[in-house]
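All heavy atoms count here, side chains included; hydrogens, waters and symmetry mates do not. Note on naming: letters A, B, ... go to the chains in the order of the sequence lines (proteins, then strands), and numbering restarts at 1 for each one. Bear in mind that the values here come from a model prediction, so they are computed numbers and not experimental data.
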Number of protein chains: 2
Amino acid sequence: MLPRRKNLVEEPPERCPLNECLSIIGGAWTPNIIWYLSEKPRRFSELKDDIPGISAKMLTARLKRLEADGVVERRVEPTSPPSVEYRLTALGGELKPAIDAIVSVGHRLKALNGEG
Amino acid sequence: MLPRRKNLVEEPPERCPLNECLSIIGGAWTPNIIWYLSEKPRRFSELKDDIPGISAKMLTARLKRLEADGVVERRVEPTSPPSVEYRLTALGGELKPAIDAIVSVGHRLKALNGEG
DNA sequence: TTTAGCGGTTACCAGTTGGTAACCAGAATG
DNA sequence: CATTCTGGTTACCAACTGGTAACCGCTAAA
């Protein structure tokens, strides 16, 4: 029998940053929303048009959550009909490198799955 | 009323790399498993001990999925009792920058939530 | 023969997620 | 007055997720 190695890792015991971050970007549609907002600010119905298949309910839910997390800012223009613009906050902008890294791996995964 | 901007984004229409990658690392416990395996190869029961709270069922499910995705390699040593070692593949190793980026954002999120 | 350890598998079940469809307020338009 | 537009909210419901607990085959040791 192989020697049993002991757990001597230094970092992620309980509420690790990985889970912290993934709980924000992990939900359905969330990455898409962040992606589009990272390009430029967008209005509610623009996001709804940009992201094919998303429902108003989910879009509302995700934007509310992202706003609560400090990732997205909601700005209401008092026009008529009112228009609401969403943009990434500074913190939201810091998600970009992570998103980019994920996208980069995603490309490789697609390439491999496409080959097979 | 604000002018209605048209969707002219270039990249992520359907099965975008973001969703492709997050479908791999998004499930419960998965980031933890990848984290531990990125440090060094580990055996089943080591992972089970390392990750507090995970059940054998979930660990099995995750490892199978990761193996099917080409992220993890399963290696059986014909000892007695048999020992099974899991390690990241080359592709799995490429997940590390993404994981690191996510961890880095997670730290900032924890800092902000800790302040509030 | 019984027990223990490894690496799982299986049945069952509760909670969460996300989908659809209907509905809402306020203001402008016909 | 009815309709349209934006930006949602709500009720309802099916599917998926993940948890618990019991069980399995194999080998070695007591």
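Annotation: side chain to side chain donor-acceptor pair (under 3.5 Å) contacts of B:Glu67 (sequence neighbours excluded): none. The side chain to side chain contact (heavy atoms under 4.5 Å, CB included) check on B:Thr89 picks up B:Glu73, B:Leu91, with sequence neighbours excluded. When the side chain to side chain contact (heavy atoms under 4.5 Å, CB included) test is applied to A:Ala61, no partner is found at least two apart in sequence or on another chain. In this view, B:Lys96 and B:Ser38, B:Asp100 satisfy the side chain to side chain contact (heavy atoms under 4.5 Å, CB included) rule, not counting sequence neighbours.
Spacing between atom CD1 of A:Ile51 and atom P of D:dG7 amounts to 14 Å, rounded to whole angstrom units. Whole-Å rounding puts the A:Trp29 CH2 to C:dG18 P distance at 10 Å. Atom P of nucleotide D:dT9 and atom NZ of A:Lys48 are separated by 14 Å, given to the nearest angstrom. B:Met58 has its CE atom 7 Å from the C1' atom of D:dT17, to the nearest Å. If you take CZ of A:Arg42 and P of D:dG7, they are 14 Å apart, rounded to a whole angstrom. For the pair A:Leu59 CG and D:dG8 P, the computed distance is 8 Å after rounding to whole Å. In this structure, the CG atom of B:Asp49 is 12 Å from the P atom of C:dG5, given to the nearest Å. Taking atom CD on B:Glu77 and atom C1' on C:dG7, their separation rounds to 14 Å, with Å as the unit.
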**Request:** Encode nucleotides 8-14 of chain C as B, S and - characters from 5' to 3', where the letter depends on protein heavy atoms closer than 4.0 Å: B to the base, S only to sugar-phosphate, - to neither.
**Result:** BBBB---
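The main-chain N or O of A:Thr60 is never found under 3.5 Å from a side-chain atom of A:Arg65 such that the two would form a donor-acceptor pair. Distance alone, capped at 3.5 Å, is enough to place a donor-acceptor pair between the A:Arg62 side chain and the A:Ala28 backbone.
For the pair A:Asn32/B:Leu18, no side-chain contact is recorded, criterion being any heavy-atom separation below 4.5 Å from C-beta on. Counting only heavy atoms from C-beta outward, the side chains of A:Thr30 and B:Leu22 never approach each other to under 4.5 Å.
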Check the interface with nucleotides 23-30 of chain C: list each N/O to N/O pair with the protein under 3.5 Å, or write none.
| from | atom 1 | to | atom 2 | distance (Å) |
| --- | --- | --- | --- | --- |
| C:dA27 | O3' | A:Ser80 | OG | 3.1 |

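Between B:Ser55 and D:dT20, a side-chain N or O to OP1/OP2 separation shorter than 4.0 Å is absent. Side-chain nitrogen and oxygen atoms of A:Arg43 include at least one within less than 4.0 Å of the OP1 or OP2 phosphate oxygen of D:dG7. Residue A:Ser83 has no polar side-chain atom (N or O) positioned under 4.0 Å from OP1 or OP2 of D:dT6.
With hydrogens and angles left out, the side-chain atoms of B:Tyr36 and B:Arg42 include no donor and acceptor closer than 3.5 Å.
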